[in-house]
Amino acid sequence: MLTTPPSAVTDGAAAAHRGVREIRNFIGGEYVDGVRWFDKRSPLDDAVIGRVAEAGREQVDAAVRAARSALHGPWGTMTVAERVQILYALADGINRRFDDFLSAEIADTGKPASLARHIDIPRGAANFRIFADVVKNVPSECFEMATPDGAGALNYALRRPVGVVGVVCPWNLPLLLMTWKVGPALACGNTVVVKPSEETPQTAALLGEVMNEAGVPRGVYNVVHGFGPGSAGEYLTTHPGVNAITFTGETRTGAAIMKAAAEGARPVSLEMGGKNAAVVFADCDFDAAIEGTLRSCFANSGQVCLGTERVYVERPIFDRFVAALKQGAERLRIGLPNDEATGMGPLISQEHKRKVLSYYAKAVQLGAHVVTGGGVPDMPDELARGAWVQPTIWTGLNDDSPIAREEIFGPCTLVMPFDTEEEVVRRANDNDYGLATAVWTTNLSRAHRVAAVIEVGIAWVNSWFLRDLRTPFGGAKQSGIGREGGVHSLEFYTELKNVCVKL
Ligand code: NAD
């Protein structure tokens, strides 16, 4: 699948040094070409590191047909116990190829190896294991019913796969977020066609090898590469052979996908954008709040849907908090993925860098005080063309500013003071998004009160990104539709059928 072709196309010495990989579609258990090739560039230096086979309508159609026939083939007749064993084998397969996944993920994203090693790849494996355990243990409901003739009836529920599931993924946590959907979809007996982000095609493609090694029947897992509109994303989501669509990405893309899914009245599960608030009370464990907020603002260069871009700090500790946050941000080492000292890598692409820097400029135009950052770091010449930006902290803007309202998805945050609990809850909720929040306080009653009224899908207290995969996950307001995770995934990935037996 990942080969170094004899005529590798490169645009620089760095790429030639690394080798340019060819990344193909995976359809019916085989790696296949597309209609054309597009370049995958490194976030580190903008050099071409891959040529990706873009799927046209024909390849997308072939993938959907392969998925359909696998549903009716051996996959469809497998017992739950057999599927569970295959899912465990997939988790083991990812772990066996850990270093391959790690290097592919790092090459595509430029993220620190320490992050991918501890989060992205292990979670990729865990997503198969946890949903195998869920389907193994989920009970079925049963109701005994009285009938006029006194014989009675028995009602029970059967879960059946929804069919061919279209899986459309973003670039920020590629393997983790893709398997978060593929794991439960397969556990429930569905087949999938995955459209990874055009920015991060490698780990989805590599997973095809693990599928074959684990004995997953051909056609159960398919991958089509490409872009959104006028490309594989649109072809997949408008394909009438796709029974349900699960998506993670920007809210406006989710809205376009929802429109596509309306044709044929197909169900959607949408995990979308956020503008998450952290709420820091004066009674917090100060060091823990600083450490947690630094992570929530700057981990993965701020490219985490659950990350914090608004920090509300109770006035008595505001100045001290801003000073400590600044110190922490300035200590973050910006650098290459394999340097263990690296705390922050580049953004995903030049395009995203332009977007983030446009917000950096806008914040200044709007009168923000730049506490730290606000620009591009000094990098060695060979990395000068990479998507590097500085971690940035602002104060001096209010809740109405676009900096406080719009998702930037970069390593930046606006810190604002507040005076009362009631006020901060109102302000945190005054936003179109509702994905996540982190509340920092040592007052137990307040912690429960605030967590209960903040309008989000996940409210952390004295923590951030602490995830138990059995819990419901999703967004409120424009951050999402539906919940996945644990048994909640079953609601989307299965049709629940009532069987009524007259006795
Ligand atoms: P994006 O919406 O630009 O792209 C996501 C995927 O959709 C890509 O594969 C893309 O090719 C595809 N796509 C784009 N337009 C399409 C169309 N019209 N039809 C079909 N497919 C289309 O998102 P992104 O930039 O890759 O990711 C960043 C976004 O994802 C941020 O908004 C972030 O908050 C969000 N996100 C949300 C969660 C969550 O769990 N809620 C998790 C991670 C990321």
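Position 1 is the first residue of the sequence; numbering continues from there. Counting starts at 1 for both ligands and their atoms, following the listed order.
Each of the following atoms of ligand 1 lies closer than 4.0 Å to a heavy atom of Cys305: 34 (O), 36 (N), 37 (C), 38 (C), 39 (C), 40 (O), 42 (C), 43 (C), 44 (C). Residue contact check: Lys195 has heavy atoms under 4.0 Å from atoms 8 (C), 9 (O), 10 (C), 11 (O) of ligand 1. Counting the atoms of ligand 1 from 1 in the order shown, those under 4.0 Å from a heavy atom of Val168 are 6 (C), 7 (O), 9 (O), 12 (C), 21 (N). Those atoms of ligand 1 that come under 4.0 Å of a heavy atom in Asn172, given as number and element, are 43 (C), 44 (C). Using a 4.0 Å cut-off to heavy atoms of Phe473, the atoms of ligand 1 that qualify are 40 (O). Close approach of ligand 1 to Ser197 is summarised as follows: ligand atoms under 4.0 Å from at least one heavy atom of the residue are 9 (O). Close approach of ligand 1 to Pro196 is summarised as follows: ligand atoms under 4.0 Å from at least one heavy atom of the residue are 9 (O).
At a heavy-atom distance under 4.0 Å, atoms from both the backbone and the side chain of Thr248 approach ligand 1. The part of Leu435 lying near ligand 1 is the side chain, judged by heavy-atom distances below 4.0 Å. Counting heavy atoms under 4.0 Å from ligand 1, residue Glu198 touches it through the side chain alone. By the criterion of a heavy-atom distance under 4.0 Å, the backbone of Glu234, and not its side chain, is placed next to ligand 1. Only side-chain heavy atoms of Glu407 come within less than 4.0 Å of ligand 1; its backbone N, CA, C and O stay farther off. Under 4.0 angstrom from ligand 1, the non-hydrogen atoms of Cys169 all belong to its backbone. Here Phe247 has side-chain heavy atoms under 4.0 Å from ligand 1, and that is the only part of it that gets that close. Proximity of Leu236 to ligand 1, defined as any heavy-atom pair under 4.0 Å, is not found for any part of the residue. Within the 4.0 Å heavy-atom criterion, neither part of Ser231 lies near ligand 1.
On a distance-only criterion, Pro170 and ligand 1 share no N/O pair closer than 3.5 Å. Remark: ligand 1 and Ser479 share no N or O pair separated by less than 3.5 Å (distance only, no angle test). Of the N or O atoms in Thr251, none lie within a sub-3.5 Å distance of an N or O in ligand 1. Taking any N or O of Leu177, backbone or side chain, none lies under 3.5 Å from an N or O belonging to ligand 1.
Protein heavy atoms come within 4.0 Å of atom 41 (N) of ligand 1.
Here the protein heavy atom with the shortest distance to atom 37 (C) of ligand 1 is Met272 O, 3.1 Å. Counting only heavy atoms of the protein, atom 23 (O) of ligand 1 lies nearest to Glu250 N, 3.4 Å. The closest protein non-hydrogen atom to atom 22 (C) of ligand 1 is Gly228 CA, 3.5 Å. Closest protein heavy atom to atom 21 (N) of ligand 1: Gly233 CA, 3.6 Å. Nearest protein heavy-atom contact of atom 25 (O) of ligand 1 is Trp171 NE1, 2.8 Å. Scanning the protein heavy atoms around atom 15 (N) of ligand 1, the nearest turns out to be Thr253 CG2, 3.2 Å. Annotation: atom 35 (C) of ligand 1 to nearest protein heavy atom, Gly249 O, 3.3 Å.
Under 3.5 Å, the side chains of Arg68 and Asn243 contain a donor-acceptor pair of N or O atoms. Side chains of Gln59 and Asn25: no donor on one and acceptor on the other come within 3.5 Å.
Centroid-to-centroid, the aromatic rings of Phe227 and Phe38 come within less than 6.0 Å.
The environment of CE in Met379 is crowded: more than 12 heavy-atom neighbours from other residues, nucleotides or ligands sit within 6.0 Å. Taking a 6.0 Å sphere around CZ of Arg117, one finds it holds more than 12 heavy atoms contributed by other residues, nucleotides or ligands. Within a 6.0 Å radius of NZ in Lys355, other residues, nucleotides and ligands contribute more than 12 heavy atoms. In this structure, Arg467 places its CZ atom where more than 12 heavy-atom neighbours from other residues, nucleotides or ligands lie under 6.0 Å away.
A cation-pi arrangement is absent between Arg295 and Trp460, since the terminal nitrogen or guanidinium carbon is not both under 6.0 Å from the aromatic centre and inside a 45° cone about the axis.
The aromatic rings of Phe473 and Trp180 lie perpendicular to each other, with more than 60° between the two planes, well past the 30° mark. Using cut-offs of 30° and 60° on the angle between ring planes, the pair Tyr360 and Trp394 is perpendicular.
Here the straight-line distance linking atom CG of Leu176 with atom CD of Glu105 works out to 8.5 Å at 0.5 Å rounding. Of the inter-residue distances, the one linking Leu87 atom CG with Asn127 atom CG reads 11.0 Å to the nearest 0.5 angstrom. Between atom CE of residue Met211 and atom CZ of residue Phe26 there is a gap of 8.0 Å, rounded to the nearest 0.5 Å.
None of Lys195, Arg24, Arg36, Lys40 except one satisfies the salt bridge (Lys or Arg N to Asp or Glu O under 4.0 Å) rule with Glu54; the exception is Arg36. Partner of Leu347 under the side-chain contact (heavy atoms from CB on, under 4.5 Å) criterion, chosen from Thr109, Leu357, Asn300, Val389: Val389. Each of Arg483, Glu484, Glu491, Lys181 was compared with Ser269 under the side-chain hydrogen bond (donor to acceptor under 3.5 Å, both in side chains) criterion, and only Glu484 meets it.
Which of Trp180, Tyr235, Phe409, Phe227 comes nearest to atom 28 (C) of ligand 1 through a heavy atom is settled by distance: it is Phe409.
What you find for Ile49 and Arg41 is that their closest heavy atoms are CG1-C, 4.1 Å.
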